Amino acid sequence: MGTERKRKVSLFDVVDETSLSAKIVKSNGAMGNNNNGGSSLINRWNGKPYSQRYYDILEKRKNLPVWHQKEDFLQVLKKNQAIILVGETGSGKTTQIPQFVLEAVDLESPDKRRKMMIACTQPRRVAAMSVSRRVAEEMDVTIGEEVGYSIRFEDCSSARTVLKYLTDGMLLREAMTDPLLERYKVIILDEAHERTLSTDVLFGLLKEVLKNRPDLKLVVMSATLEAEKFQGYFGEAPLMKVPGRLHPVEIFYTQDPERDYLEAAIRTVVQIHLCEPLGDILVFLTGEEEIEDACRKITKEIGNLGDQVGPVKVVPLYSTLPPAMQQKIFEPAPPPLQEGGPSGRKIVVSTNIAETSLTIDGIVYVIDPGFSKQKVYNPRVRVESLLVSPISKASAHQRSGRAGRTQPGKCFRLYTEKSFNQDLQPQTYPEILRSNLANTVLTLKKLGIDDLVHFDFMDPPAPETLMRALEVLNYLGALDDEGNLTKLGEIMSEFPLDPQLSKMLVVSPEFNCSNEILSISAMLSVCMYAVKEFMCPIRSSSATVLYGSHAPGWHVPSDSKEAQKAADEAKARFGHIDGDHLTLLNVYHAYKQNNEDPSWCYENFVNHRALKAADNVRQQLVRIMARFNLKLCSTDFNSRDYYINIRKSILAGYFMQVAHLEQSGHYLTVKDNQVVHLHPSNCLDHKPEWVIYNEYVLTSRNYIRTVLDIRGEWLVDIAPHYYDLQNFPQCEAKRVLEKLYRKRERRKEENRNRK
DNA sequence: GAGCACTGC
């Protein structure tokens with residue numbers, strides 16, 4: 001996909017060997033250094049002679065750590081259904097283990113036409129893609145043939161594929177149509193320590209599947225300490241450890257707790273630059289604003305030191321940074337200002353992205369203030385939010401490891417050793433304990449898991465979170481009162497969207513506006529930050545402008561008056577006074593009408609990448625609609641009902657996210673009665689009595705973001721089961737709704753009398 | 001008139 005960020009995947013620099021070939025080489029004696037190609041052996045997988053390149057790679061692979069444990073591994077695999085394999089960074093497990101397995105397992109299936117496969121899951125798309133490419137190269141086969149990958153929007157595999165790398169979410173999707181995962185002989189869950197939502201669901205699912213499929217084998221691969229926990233969970237599965245390959249990293253703690261970690265981090269950077277030998281610095285901070293602020297301050301402070309010190313290149317790094325800017329982290333440190341002068345240094349200031357997703361070579365010093373932003377979920381108010389929280393010991397360990405990739409390094413932890421030992425939890429809470437589980441529960445139901453309370457989660461979510469999820473799905477009509485999946489729920493579960501979004505999409509043909517709802521769903525689901533940016537072209541900061549100018553959504557103009565004016569005009573062109581959802585629709589329509597032209601996007605402060613991604617999602621959604629014979633339709637644009645139908649359709653999914661304007665001038669969320677404020681990025685020109693909100697953000701105040709004006713009458717018409725006044729807290733909204741219900745009754749009465 | 005850890009289908 002074109003919107004993919006280019007990333008250097010850490011696994012990529014680990015190269016191992018193919019055991020099969022190693023064996024052949026051994027048994028053929030002279031083959032090890034037979035490089036003339038003419039009498040090469042035949043590749044078992046594609047029947048072609050091995051290339052020279054194959055042998056070249058093979059030589060390098062022979063030296064890697066995991067290679068020495070191959071026979072042990074295969075022995076254990078033969079005797080057990082499940083294995084836990086622990087390998088630190090650099091062990092080569094991701095590229096190698098699947099090849100070991102491939103060699104040892106019989107892939108013949110009862111259906112002779114097609115072989116069974118080995119699956120290896122990854123939490124991230126880029127990893128699935130790049131690792132599979134690497135392995136195809138090692139095996140001397142064409143990517144997409146014998147070795148392939150499968151990620152959202154791209155299935156690069158064929159009937160010949162025997163080894164497939166895929167995202168964990170993708171394997172979960174496959175399980176929805178193939179509950180026993182019958183096309184796989186062995187499933188390898190890689191990076192299991194990351195405990196993504198999908199990996200955790202797969203844990204529980206596979207535990208069940210293993211009971212029903214004695215021929216299936218499972219390998220759980222993980223990087224850290226939690227191996228014993230995995231072992232216990234999978235019925236005392238045997239544990240294997242593979243050493244990693246890291247240089248030693250010296251850890252330093254502060255004597256006393258730091259009051260201001262940002263200030264302390266900057267001070268530490270300056271000290272390293274003044275006192276420590278050559279080597280680049282990586283600083284972990286929590287978010288974009290903090291990072292840009294730190295970059296400015298570091299540049300300024302080191303600038304103040306004059307030319308007694310070497311020059312520095314300070315580079316920010318976070319996920320919403322455009323790819324071109326992210327590439328800067330791979331540029332070398334600046335050369336000395338004059339020949340023989342003090343050397344330069346690169347200083348990368350990054351979010352957690354540098355902890356797992358991205359590897360920067362040449363880092364010798366890591367500064368770890370001990371915080372990161374983490375998602376937390378409060379089921380009581382059904383709100384997911386981001387909070388700056390202390391990291392875990394495992395996270396601290398991972399961060400310090402970033403200093404030792406190319407040579408021995410140093411890690412400066414900006415907290416005390418006592419605090420490390422006593423205050424930090426061993427592991428970050430798995431995502432499943434920090435999320436709204438409505439979507440997960442829908443997936444589990446579709447997978448045939450009826451009894452969620454007794455489902456064997458490795459870490460069971462709070463009962464309240466599960467109850468909340470069941471309740472939401474019941475209100476949406478995806479589950480009946482007994483908690484069974486309805487026909488509607490079946491269809492909803494097929495969409496890669498949140499339940500509210502899939503509900504509004506599935507019912508949109510009834511409101512005669514599925515074309516428009518498709519576009520809005522795609523825009524909303526691309527990413528939340530894009531939504532915000534779409535709505536909000538102006539940013540006041542100065543030094544960040546450069547970086548933000550290609551951020552999703554609008555381009556951010558420089559501080560000049562003209563640029564701000566131009567951006568304002570662009571916003572006015574697309575803005576819809578009835579709400580942000582409709583503004584999104586306008587932007588999407590304008591984008592299509594202008595033939596998806598990147599320069600049109602640029603001129604109109606619209607982000608091309610984000611829109612291209614939305615378009616891609618939309619196409620996928622259209623295919624799913626077709627599968628269920630959901631018709632694509634629109635109300636006549638000139639009809640008064642055009643926007644009304646769209647708004648009603650959105651309400652059909654989002655009736656649980658409504659706020660009411662009180663006499664006092666404040667908004668209260670319906671039923672929860674939380675005081676909220678319209679996010680200033682909204683495009684409304686008035687304060688509607690009732691609004692739908694897409695997102696609840698807790699920052700300086702309680703904001704509702706991406707809002708839409710709706711009518712109270714629609715609430716009682718479209719969602720009477722939710723606006724059932726019997727179960728309603730006393731409040732202004734209730735009194736208004738009571739009036740609306742009475743009005744509705746009167747209307748009915750009049751109609752009856754007329755007849 | 002505010003300020004977005006990171007993924008994924």
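Quantities reported herein were computed from a predicted structural model and do not represent experimental measurements. Per chain, numbering begins at 1; letters A, B, ... match sequence-line order.
Listed nucleotides B:dA5, B:dC9, B:dG1 differ in distance to A:Arg152; the shortest reach to its side chain belongs to B:dC9. Comparing B:dC9, B:dC6, B:dG8 by their closest approach to the side chain of A:Arg173 singles out B:dC9. Counting only heavy atoms from C-beta on, A:Glu288 has its side chain closest to B:dC4 among B:dC4, B:dC6, B:dG1. The side chain of A:Arg434 approaches B:dA5 more closely than any other nucleotide in the set B:dC6, B:dC9, B:dA5. Distances from the side chain of A:Leu386 to the nucleotides B:dG8, B:dA5, B:dA2 place B:dA5 closest.
The pair A:Arg195-A:Glu226 meets the salt-bridge criterion, since a charged nitrogen lies less than 4.0 angstrom from a carboxylate oxygen. A salt bridge does not link A:Glu288 to A:Lys373: none of the charged nitrogens lies less than 4.0 Å from a carboxylate oxygen. Salt bridge absent: A:Arg705 and A:Asp580 never bring a charged side-chain N and a carboxylate O closer than 4.0 Å.
One N or O on the side chain of A:Ser392 and one on the backbone of A:Thr428 form a donor-acceptor pair closer than 3.5 Å.
Atom CG in A:Leu698 sits about 14 Å away from atom P in B:dA5, given to the nearest Å. Here B:dA5 presents its P atom at 23 Å from OH of A:Tyr429, a figure rounded to the nearest Å. The distance from atom CD of A:Glu154 to atom C1' of B:dC9 is 15 Å, rounded to the nearest whole Å. Distance CG (A:Asn616) to P (B:dC9): 11 Å, rounded to an integer number of Å. Rounded to whole Å, atom P of B:dC6 lies 10 Å from atom CG of A:Leu321. The interatomic distance linking A:Glu292 (CD) with B:dA5 (P) rounds to 11 Å, in whole Å. Distance A:Leu197 CG to B:dC6 C1': 13 Å, rounded to the nearest Å. The nearest whole Å value for the distance from the CG atom in A:Asp498 to the P atom in B:dC9 is 14 Å.
A sub-4.0 Å separation between OP1 or OP2 of B:dC9 and a side-chain N or O of A:Arg125 is present. Residue A:Ser319 places at least one side-chain N or O under 4.0 Å from the OP1 or OP2 atom of B:dC6. Contact between the side-chain N/O atoms of A:Thr167 and the OP1/OP2 oxygens of B:dC9 is found at a separation under 4.0 Å. Distances shown here put a side-chain N or O of A:Thr351 below 4.0 Å from the OP1 or OP2 atom of B:dC6. Between A:Lys375 and the phosphate of B:dC6, there is no side-chain N or O to OP1/OP2 separation shorter than 4.0 Å.
Note on A:Ser198: nothing from the nucleic acid sits closer than 4.0 angstrom, heavy atoms only. The residue A:Thr196 sits apart from the nucleic acid: no heavy atom pair falls under 4.0 Å.
The residue among A:Leu497 and A:Asn352 whose nearest nucleotide of DNA chain B is located toward the 5' end is A:Asn352. Comparing A:Lys373 and A:Phe495 against DNA chain B, the residue whose closest nucleotide sits nearer the 5' end is A:Lys373.
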Salt bridge (Lys or Arg N to Asp or Glu O under 4.0 Å) assessment of A:Asp615 paired with A:Lys612 = CA-CA 5 Å; A:Asp615 215 22; A:Lys612 225 173 124 181; over 6 Å; no
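Taking the six-membered ring wherever Trp is involved, the centroid distance between the rings of A:Tyr696 and A:Tyr703 does not fall below 6.0 Å.
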